[in-house]
Each structure stands twice: as structure tokens, then as C-alpha cells.
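Notes follow the structure.
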Amino acid sequence: MAHWCTTINTPVLFLLQREVALAERSSLSLSCLSHWEENMTDASTNMRLKLPITCFIFQIILIILFGVLVQYDEETDAKEWHNKNRSNYDNDFYYRYPSFQDVHVMIFVGFGFLMTFLQRYGFSSVGFNFLIAAFSLQWATLMQGFFHGLHHGKIHVGVESMINADFCTGSVLISFGAVLGKTSPVQLLIMALFEVTLFAVNEFILLSTLNAKDAGGSMTIHTFGAYFGLMVTRILYRPNLDRSKHRNSSVYHSDLFAMIGTLYLWMFWPSFNSAITAHGDDQHRTALNTYYSLAACTLSTYAMSALTSHDGKLDMVHIQNAALAGGVAAGTAGEMMLTPCGSMIVGFLAGIISVLGFKYLSPVLEEKLKVQDTCGVHNLHGMPGILGAIVGAVTAAVASSDVYGDGMEDVFPDVASGETDASFQGARQAISLVVTLGMALVGGLLVGFILKLPIFGAPSDNICFEDSIYWEVPEAEVGHEDQLRAVRTAESEKLGG
Amino acid sequence: MAHWCTTINTPVLFLLQREVALAERSSLSLSCLSHWEENMTDASTNMRLKLPITCFIFQIILIILFGVLVQYDEETDAKEWHNKNRSNYDNDFYYRYPSFQDVHVMIFVGFGFLMTFLQRYGFSSVGFNFLIAAFSLQWATLMQGFFHGLHHGKIHVGVESMINADFCTGSVLISFGAVLGKTSPVQLLIMALFEVTLFAVNEFILLSTLNAKDAGGSMTIHTFGAYFGLMVTRILYRPNLDRSKHRNSSVYHSDLFAMIGTLYLWMFWPSFNSAITAHGDDQHRTALNTYYSLAACTLSTYAMSALTSHDGKLDMVHIQNAALAGGVAAGTAGEMMLTPCGSMIVGFLAGIISVLGFKYLSPVLEEKLKVQDTCGVHNLHGMPGILGAIVGAVTAAVASSDVYGDGMEDVFPDVASGETDASFQGARQAISLVVTLGMALVGGLLVGFILKLPIFGAPSDNICFEDSIYWEVPEAEVGHEDQLRAVRTAESEKLGG
Amino acid sequence: MAHWCTTINTPVLFLLQREVALAERSSLSLSCLSHWEENMTDASTNMRLKLPITCFIFQIILIILFGVLVQYDEETDAKEWHNKNRSNYDNDFYYRYPSFQDVHVMIFVGFGFLMTFLQRYGFSSVGFNFLIAAFSLQWATLMQGFFHGLHHGKIHVGVESMINADFCTGSVLISFGAVLGKTSPVQLLIMALFEVTLFAVNEFILLSTLNAKDAGGSMTIHTFGAYFGLMVTRILYRPNLDRSKHRNSSVYHSDLFAMIGTLYLWMFWPSFNSAITAHGDDQHRTALNTYYSLAACTLSTYAMSALTSHDGKLDMVHIQNAALAGGVAAGTAGEMMLTPCGSMIVGFLAGIISVLGFKYLSPVLEEKLKVQDTCGVHNLHGMPGILGAIVGAVTAAVASSDVYGDGMEDVFPDVASGETDASFQGARQAISLVVTLGMALVGGLLVGFILKLPIFGAPSDNICFEDSIYWEVPEAEVGHEDQLRAVRTAESEKLGG
């Protein structure tokens, strides 16, 4: 008997241990979590004043500057438009607004949901994306308007400025991808403030000084945004980030949410690249080229993912990201006579490069160069952006009036006017890439140091990739339990009533 | 020894209790839930006959009325269009169809997913939204066609009638937001039947009798829909709704689904407000104004959310809703020469008002006025709608031909023709707001009492916000267990085979 | 005492058993699952070489063929377009690109997410959809270009070829729905290769030989895709598929993801049917007709679902699928003078047929005819496609110049030119349906046998409907536990630091 009791002793103790664990999970967690959440928002990450002050100051300055500087362009101003006596279908709205809306979806849903892949960072991914995009597009309107040329001291706005502002915003969101999970919303707004400004300067140098062509922004948007963000994340290097490692991964449904982002980016990329190219054949051709580049990229991405992954299984990270590299790589040459076949080759290579980057280069970047690139923007925007710039330079260098005819004026006006020849246009494109890389790296360096100031409420290393620092997060999903509670309520009701 | 046994006694009993609880959760729930589900659909909420009968009668009447009354307009009729000898690009389809599709997405995905924030009401949010929208747009075509003027006794349909019908549907869906979780699909269809009718009457009074301007529907759609719905939910007041309180909240993923709705509403609002403004500069300007209003609204929403919430954390309810108030508030003045700066001020204020409403006014409305407003439509559509109406009245009152030039004819035809002056146009706008509020409140009162009839299958107080009354709901997510079962199957297979 | 111990004996043993079960679920599963996953990808389903080889070969052949055969059409070629001296707004891009983008969304998000309803097949549904669509649209461009007529030995591409390629892709994705969960990605690519080819042949016979009209593809896309897929799944019949039965169902959130697909298909179907109809009234009318057909279909779907389901509860399967049947059924007659009322009748019937099919026909097909139709494509695309073809034939047969006027030339050019009369056009439409059914069934038979070759990595019967064979799948959602771990890390940190 005594013997029996001792034998049961061990399992019972085991049971007790299990029970404690179970109790901790359920009942303890209720009291414990609220306690913990208070701990999580210690003084440093508390946004009660920091975020409102930043938002209000930024927005009020924007309103004042818009009041002083911005007016409708001649296609949105009631008086100006009617003075012109043009047919309504000549209004640029009808040429560009559908493309603008596609771009708008890419910026808010595309980028926003692409970053929801993290298991506990969905609110921040979509929500901070929303916030910094809403700020950036206003600030970009001013900065780009200033550099694109004032009209009697005023910035003119219309559908083209809306598209350009969204483009500039895209660049900021690419950088956001590099620092995802490791920054406070105030840091992100500060980053956006500076990045938009530098973007506008770089864009001005490329398009107005060097007369480069970059309608879909392989250089101005993707290369710039990626290397800027990579440098920022390098400066913000966190040696103890592995304390948050268990949160730096996906769960099943977060990967499905991310696919919403991926697919909207993929589908609307033809609109992105063609949104501000010249009317007519140019917009049409750019959309077509991008479409083929993306299709080919998708096949090479799937191939490389299965080839390089564990057990030949496809990796969602590759599909979500590398399949988009074809759009990035067609950003400069898309409007040129790249041919459908040429577009497919570009996309095909972009997909391969991008998957290889995710598989082999990203770990090296993190370990050797201390670049913690959460979303792998180097693989999706960095390398494919450079590829796109090179393809653009080569395609420009071989342009001939045999191929372009009178369409040369739309694509390469300086070549058409005889001011320069095609090979020199190619050289300008190549120089533009170098300038962009320089601007991005130096800019990212400076901004990185600014963001390092310990006043913006960045999370500590053990609480990165976690929504509940900055968001009120509902309790975990219940399902079963909830139903059961309902049963009991219903039954007790019945007994009582 | 005996002592030892007694000491273990308590934990063992505790273990037993836990076991029972665990057993209840797992095995019991299987038998219990099916039993419970039967209980849940007691006679009153059973839709087997009520819903089919309502749908069939409504749809058959619609088909008959369409057969008698509706014909293609001159832009959709093969013979009429070709008689006109106009160029194809003059067809209104090309001016408005892209905007229509954006509006369509807002109605079905925007409103539908915005309401999926509730943890156990996603099927109903998306599904009932789908059902009542599909009914409302057909019924609205008839009602609006009747009031907008018959052509030889016939209602003409084309892209403009499609947009208007979607607009009217939007109003019904706003009211749906107020009563969300507390009504049966039959109640909702009955509500839609009456609300669409009253909407058309109110719209006719505003646009055709008072000659007010309201292209984006700050008054006709948002103010009307909100106050109609608020009055309905007041009449349907449930004193014991706290019995379903545990279900009247979100879970992590339901908030992400809701963000899909939010973002599509936000992105496409420029299309919404500009969808039926005049061709050319008007559509262009309206989209631009709305874009700036929304961007500014987003920043003030984030600021106010962090400022007013617990611990400075952002609240998803605010982000999902208040960030959209800038679109509502630009609904009337969007087509006017509001200027970008003016639009931003409007949006900025709308965001502030809306968050304050969620934080401080909604609890008061519920406790003092017994208005149980599930989605907070008063904060998103009610107050911002009134703000929009006031902004519209003021902007109209200061309109001058210095600013509008020949464009005055498109925006304020009566002012352009000298039939009235700008300040009187402003007065008309203000009167329109009062009329709308009156129509909405009286209409909601009457319809509320109709819906209170105990024959439409409304859920009881303890089973609100619950899909499984009206839907076959799959069991809770399994994941792990399922995989394990698969392992065992695979292994037993191996042993067996 | 001894008595007490024996009485406790049983519950303790029970507890032990429970503990073992619990331990298995949690700790064991960690070691066990990784072991199991290796087992799952045995040699046969391992895609390490099969998928890359297939993708690379297909894509490289595509690139070569595009290089040899494809060139810009006169609306995308810089030289050709500028030679023509046409106004930019005449470029087909502005007539069709917005519709193309809507179609594109239907193909990638619509079809992709519609199939995410399965609990453990979301990655594959969206991901394989993405892969085979990206391949099919390239291959379709070649096949359709070849059959639609070469220009001096070259295939011309532009927005119309993009739409047609997406249409053909849609047909492949319909077939994918029939075999969903039971095929490897390599099988799907092989199926796409053959199906696209046969699609192009069938389309050529219908549109160029029989001069039938089928702008929205009731026959060419839906009927063909459905019966092709049904025959393939018949040939691939799995007698032991019930071993995977527990995974062949939805969970709560997977049904919400599926509704994203449903709604995008529903909203954009008017664009689908009108995307390649003639400019002007034709596109306009087709969109309008489809819009009404879908609205009516939605009401009849809800009615039938409540009428036929258990306890009068709505069934998500019906809502997700049958509500779309109205779009399918308006695919042929949509561009004709079907009238709004006629469109509504068609949609109304389509919804009824489709729900009845899901409820009563699908089980019979599976049991008696051994057709395992995962998504029920017979109910959504098969029967409504046939209905659409019949409606098209009847509507064509009663066409008169009284109704169509000069618009007859756009809709029925042969009737307008007097080459044939309306009733003969109706006969051609009917013959086209028969040809399509024949081509689909014979084609599906042949391709089914090809896919049966045991070299393509199909999953075994007990591991169907499961992502983790072909995808790296993250662990199940954690939520609570993860937070707790974070608490402890934070606390130990505090103690340690």
C-alpha cells in the first residue's frame, strides 16, 4: 500500500507541475498579462504625448504651408480649365486616375498587408504603414512641387502630383520594411520627414539635371528606398535582437494576410510603372512590359524557392516577395521598347536574384554587415532595383529612331531633338544609379543617427515585433470557450426563466 | 502516510475539477454544442421560411417592376446610341465606370469587411452586408429613377444610375452598422425596403426641390443613414444587451479583417465623392480635395487616439473608423473650390471630432439616450456628415465668379444663371441639412417600430453578435490536433500497409 | 484508507491517460511533427527537382517563343502608333485597361482567395493559383495569338491580348477548382499547358469558324473550364479520399478569406463580361446587364440556402459560390439587348440552379459518377455556363433591327450584313455549346490520363487538402503562450539586469 502510494507519487507531482503550467497559461495570464502590459509601456515607449505632438505639429505645418504655397493646377481649377476650352476627355484625370487608384491600393493595401506576415505585428504593419503614408504623401506634394518647379511661386496639384506623391511614399514604405518591428511610430514619422526630402532632391537631380528616365522608379523609388532603409537599420543595429526572435516569424493566417499585399502589388504593378509615362502608346507599352516581366518572374521565383528550400518545399517568404521583383526590375526600362521577350528575361533574372538573396545573402548581411533587414527589402527592392537601372541604361543606350520612330520624342526627348545621342543617354542612366546609391547611403547614415536619439520611444530588444507596446490588443481568439459560455448562459437562462 | 494522503487530497480534487472543466471543453462540447445549436435556433430565429419568402417576394416584385418600368438609357441602348452618331469615347461609361467600380468595392468589401471586427460576427457582417446591398441597389434604381424623372413613363438606366443606386445602398449599410449584431436578415431587408424609399424622397427634396449640391452625400448618404440607423437602434433598445457583451468585441485577426474594409473605404473615397460630379475639372478637383482631407484626417486620428487612450496606446476602433471621417466631411464641399488647404482643415477637424465621439460621446449616448450604436456610426457618419454639410453651406455661400469663372455653371448652375446668389445657395444647403435630419429621425422612428414586430426573427439579448444563429459555422480552428491526427493516420497506414 | 486509495485509483489513472494525451499534443508534437513532416515529403511528393525543372523549361521555352514570334501591336509600338497620327485618347488602353485590371484582380485575388476556404490549404490555393495563372497567361498569349491570326508571321500584343490571356487563364483556374487539394503543382502546370492549348482551339472554332458570340465566356471559359476539370477529376478519382475528409472543410477564418475572393469576383464581373465587347454602348450595356444579373442571383442564392440548409441556417458554401452564378450565366447574352429585367431573370434562375446543385447534385456526382469536385465548379461554372449559353442562343435568335438599329453591326455583324439571319445565329450559338462540351470532355479525358502518370508528385489519399506537403508551414498560432513567454523574458530580464 505504502509502496503503491510512493509509486503514484511521481506522476502526481508531474501532474501538479503540469497543472501549474496550465493554470499559469489560463488564470494567471489574466492578472499577469495586464501587469505585463503596463510594464511593456514603460515611460520610454509610451506614446501618449510623443505621438500626438508629432502628428499635430506636422499636420499643422502642412496645413499652413499648403495654404501659402499650393493651388489647383489648370486641370482641377474651375476657372482655369474652363478658360482653356478643352474637351472634357482631354482632362488628364481620365488618362491617369484609374492608374492612380491602382497605385494608391499598392501603397496602402499592398505595402500594408505585405508586412502583416509577422505573427504579432499586424496592427503595426498595416497601421503604421497607413500613418506614415498619409503623412508622406502630403509632405511629398510640397517637396516635389518645390523641386519640380513653381508656377508664380505656387505649387500646382492635380492627378500627376497625386501619383508622384504616392510614388515618393512608396519609397518611404520600402525603408519601413527594413526597420519593421524595431521602431516607434514617432521614429517612423521623423524618418519619413527626412527621407521624403532627400527623395525629392535625388529625383530632381536624376530627372531634371541628369535628364534620366525612370518612370517606374527602379532607381528613384526602389533603389533609393531600399539602400536608405538598409543604412538606417544598420545604424540602428540591435545586438540583442534575438531576444525577440520568437516573434520575428509568421503564423499560418498572417502569411495569408501577407498574400493579400503581395497579390495587389503584383496585379497593379503594370499601373504603377505606367502611371506617369506619356499618354498613348507609352502608357500602354509600359503596362504590357511590366505584365510580362512579372509573369516570368513568378515562374523563376517558384522554381528557385523549391530548388533552394528545405525538402523542396516552397517558402512563403520567397513567394510573397521575390515574385514582385519583376515589377521593380521593369521600373526604368518599362516605357522603352524593351520588347515582350526582353521584359520576360528581365523578370526571369529578377526572380532568381531575389530568391538567392533571401536564401544566401540576407543571413550574411545580418551576420557580417550587421544589417537587420526585417522584410528583406534588399532582395525585393535593392538588387532588383539596381538590375532595373542597368537594364534601363542598356536599353537607352541602344535606342534608335528605326525602332522608336516619332515616338522617340516621348521616351527620349533629348535624343529625339538631337541634343544628345542614345549612348550618352545610357551613360546618364548609369550615372543616375550611382548618384542614387550615394544619396541613399549617406542620407540613411545621417537619418539613422538622428533616429538613434533615445527620445523617440523605440522598443527595447526583447519586445520588438510586438503590437501590444503601441496598440490596445484584444485577447487571443476564443472560439470554443466562448461558445461554451454561451451554452451555459442559454441553459441557465432556461433554468432560471 | 495517512497524513500524506490527506495532503495530496486537495490537489487531487483540484485536479479532478480541472479535468472536468477540460473534459467539458473538449469532449462535452462536441455533444453539447450540437444540442446547443439546436436550442439557439428556436422557432423565432429560424430562417427556413422567413428569409426565403422575403427574398423571393422582393426579387420577384423587382423583376416585374423592372420589366414594366426600366429600359436602357441612350448610352446603353444599341439603337439609341448609334442614332446619336457620337464618338465612342463620349460614352459616359468611360468617364464614370472606373469610379463606379471603386464605389462598388467600397459598398461590398469596404462596408462588409469594416464590420468584421466583431469576433463571432464575421459571416453576418460580410454576408448580410452582401444581401441587403444586392437588394438595395435594385430597389434604389426604381425609387431614384421614379423621383429623378421618368422618360415617357420609363426609368432609364446606365452607369450613373448604377452609381446612384450604390450610393443609396451605402446609406442603408451605414444604418446597418448601428444595429449590427442585433437584427435578423429579414429585419434588415425590411429596413432596407423603407430606408431606400425615404432616401429617395429626401434626395429628391434636396437635389430637385431645394437645388442643393451634395455630390458625395455628406447629407443625403451619411447624415441620413447615420441618424436613421441611430433612431432605429434607439427604438430597438435592448436593456439586457450586456448578456452578449463578451461577444461585442474584437479578436486579433478580426481587427485585421476590418482593416481591409477601412483601407478600401479610405483609398476609394476620392472616387466616391467624384463619381457623379460634372465631367472634367469637377471630377478631378473633387478627387483631389477628398484625397487631402483624408490624409489630414488620418494624422489627427492617430494623434487623438494616442492622446485619449489607455497608456497612450492606439485603439483599433479609432483607426478603423475615425480615419475615414475626412471622406465623409468632404462629401458636400469636395466638388467646390474648397482649396487643398481647406480640404485638409476639414479632414483634420473631422478626425478629431470622430475620435472624441468614440471616446466620450458614445458611452453617454448608450447610457443616457439608450442608443446602442454597435459600429459607432454617429462618430464616423453622423457628426462628420453634419460637419460636411456645414462646410458645404459655408463654401457655397462664399462662391464667386472670380474664383469659379465659367466653371460656376457646373458647380452652382443657379448662381451662374443669376437665378439665385451664392449666399442664398448657402442657405439652401443649410436648410437641406435640417430637412435631412428631420427625415432621418422621423423615418427611423417609424421603421424602428415596424422592425419591433416580433415576427422577423430577431435574436434574444443573450445571443446577439453571434453568427451561429443564422449561419452554419465550422468548428474552431484546429491546427495542431489536425496535424497530429494526420501523423497517426500516416503512421498507422505505414504499420498496416 | 486503503479504500480511499482504491477509489481514487480510477480517476488518477484517468488523469494519467489525459496527461499522456495532453503531453502528446504539446511536447510530443514538437518532435513528432518534424519527424512526420519529413515522412510527408517522401520521394514522390518532393518538389526539389520536379518543380524547378518544369518551371525553368516552361519559362525558357516561353521566352524563346516570345522572342521569335511576339511583337508590339500598333497601339503599343512607339513607331507604329506615332505613324498613325491618332489622338492619344483613341488608344485602346483607355477603353480597356481599367476593365483589364478588374479582370486581373478576379484571376489572382478572386479565384485565389475563393479557394482558401479549406482549413489547411490556403497557401496552396492562393499560391498554386498564382503560379499556374502566371504561366497560363504567357502560354495563352502565344496560343490565342496563333489562332487569332498572325501579322506577317508575328503575334501582336496589347491590352486586348492581355485580357484574352487572362480569360483563358480563368478557364484553367476553374478546372483547378475541381481538382483542388489533390494535385501537385507540377500536375497543375502540365494541366495548364494542355488546357490552354485546347481552350485556344475551342475558342477559335467558336468565334472564328462558327462566328458565335461569347464575350463573357459562358461557353468558352466557364462551360469549357468546368467540364474539362470535372473530367480530369473523374479520371483522377481517389477511392480512399475520405482519409483526408477531416481536412476537406473550412474553419471560421478560412471562410472569411474565401469571402474576399467571392466579393472581388462578384464586384468585378461586370468588367469581366464587358472587357472585350465593342466600344461605346456595348461595353456599357454588358456591364449593366451583368450587374443586374448578379444582384438578382444574390437574393435567390440566400433564399435557396436558407430553404435547403439544416435548420434554416445559411451555408457559406452557397454564398461563396452560388451568388456568382449570375455573372457566369450573363457571359454570352450580356452584350446583347437582354434588357435589365431579362438579366435579372437569368441571374435569379442561375442562383437557384446553383444552390440546388450544391445541395442535391454534387453528392450524387461524387457517389454515382465518382466525380470529386472539391469547389463545386459544376454548380458555379458548369450548369450556369450552360444556362448562359442557352440564354445567349435564344437572345441571339430573337434579335431584330427594330431593337438593335445600327448597333446590330457591333453585336451580330453577320446578321447586320445580311450574311445570316438571327435565328441561324441562334443555331450557331447552340452548336457552339455542344462543341464546347465535347471538346472539354474529350480534352479532360486525355489530360486526366496524362496527369495520372505517377511521376508528377501527387499526394497520397491520406494527405490531400494539406499545405505542408508542398509548403514550409509555420507552427500553429500561439497568442497567449507567446505573450507569456514575453512576460517571463521581460521579468527575468528585470531580475537579471
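In the text below, chain A, chain B and the rest are named by the order of the sequence lines, each starting its count at 1.
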For C:Phe93 and A:His284, take the angle between the two ring planes, folded into 0 to 90°, and tell me which bin it lands in: parallel under 30, tilted 30 to 60, perpendicular over 60. tilted
Parallel, tilted or perpendicular: which fits the ring planes of A:His279 and C:Tyr94, with parallel below 30° and perpendicular above 60°? perpendicular
Does any backbone or side-chain atom of [X] lie under 4.5 Å from a heavy atom of chain A? Answer side chain, backbone, both or neither.
{"X": "C:Phe108", "result": "both"}
{"X": "C:Glu75", "result": "both"}
{"X": "C:Phe130", "result": "both"}
{"X": "C:Ile64", "result": "neither"}
{"X": "C:Asp90", "result": "neither"}
{"X": "C:Ile60", "result": "side chain"}
{"X": "C:Leu49", "result": "side chain"}

Over 12 foreign heavy atoms within 6.0 Å of CD, A:Glu409: no
Could you tell me whether C:Lys154 atom NZ has more than 12 heavy atoms of other residues or ligands within 6.0 Å of it? yes
Which heavy atom in [X] sits nearest to a heavy atom in [Y], and how many Å separate them?
{"X": "A:Leu263", "Y": "C:Val126", "value": "CD1-CG1, 3.8 Å"}
{"X": "C:Lys79", "Y": "A:Val403", "value": "CB-O, 3.5 Å"}
{"X": "C:Arg48", "Y": "A:Thr308", "value": "NH1-C, 4.0 Å"}
{"X": "A:Gly280", "Y": "C:Asn88", "value": "CA-OD1, 3.4 Å"}

C:His82: side-chain hydrogen bond (donor to acceptor under 3.5 Å, both in side chains) partners, not counting sequence neighbours: A:Asp281, A:Asp410
Taking side-chain hydrogen bond (donor to acceptor under 3.5 Å, both in side chains) as the definition, give me every residue that meets it alongside A:Gln101, ordered by chain and number, with sequence neighbours left out. A:Tyr97, B:Ser271
Determine whether a donor-acceptor pair (N or O, by modelled atom type, separation under 3.5 Å) exists between the side chain of [X] and the backbone of [Y].
{"X": "A:Tyr302", "Y": "C:Gly127", "result": "yes"}
{"X": "A:Arg285", "Y": "C:Gly158", "result": "no"}
{"X": "A:Lys313", "Y": "C:Ile469", "result": "no"}

Is there a ring pair (Phe, Tyr, Trp, His ring centres under 6.0 Å) between A:Tyr252 and C:Phe123 once you walk through the steps? CA-CA 9 Å; A:Tyr252 193 71; C:Phe123 289 11; 4.7 Å; yes
For residues [X] and [Y], determine if any side-chain heavy atom of one lies less than 4.5 Å from a side-chain heavy atom of the other.
{"X": "C:Leu62", "Y": "A:Met344", "value": "yes"}
{"X": "A:Leu288", "Y": "C:Val159", "value": "no"}
{"X": "C:Phe56", "Y": "A:Phe348", "value": "yes"}

Where do C:His104 and A:Trp269 land on the ring pair (Phe, Tyr, Trp, His ring centres under 6.0 Å) test, with the steps shown first? CA-CA 11 Å; C:His104 217 41; A:Trp269 218 296; over 10 Å; no
Measuring heavy-atom distances to chain C, does [X] have an atom under 4.5 Å in its side chain, in its backbone, in both, or in neither?
{"X": "A:Met336", "result": "backbone"}
{"X": "A:Leu294", "result": "neither"}
{"X": "A:Pro340", "result": "both"}
{"X": "A:Ser249", "result": "neither"}

As an exercise, state the distance from CG of C:Leu137 to OH of A:Tyr292, rounded to the nearest 0.5 Å. 8.0 Å
Under a 4.5 Å cutoff for heavy-atom pairs, which residue among C:Asn91, C:Thr54, C:Leu69 has the most contacts with chain A? C:Asn91
Greatest number of heavy atom pairs closer than 4.5 Å to chain A - which of C:Val109, C:Leu51, C:Leu189: C:Val109
Can you find a side-chain donor-acceptor pair between A:Tyr291 and C:Asp166 that sits under 3.5 Å? yes
Side-chain donor-acceptor pair present, C:Tyr72, A:Asn289, cut-off under 3.5 Å: yes
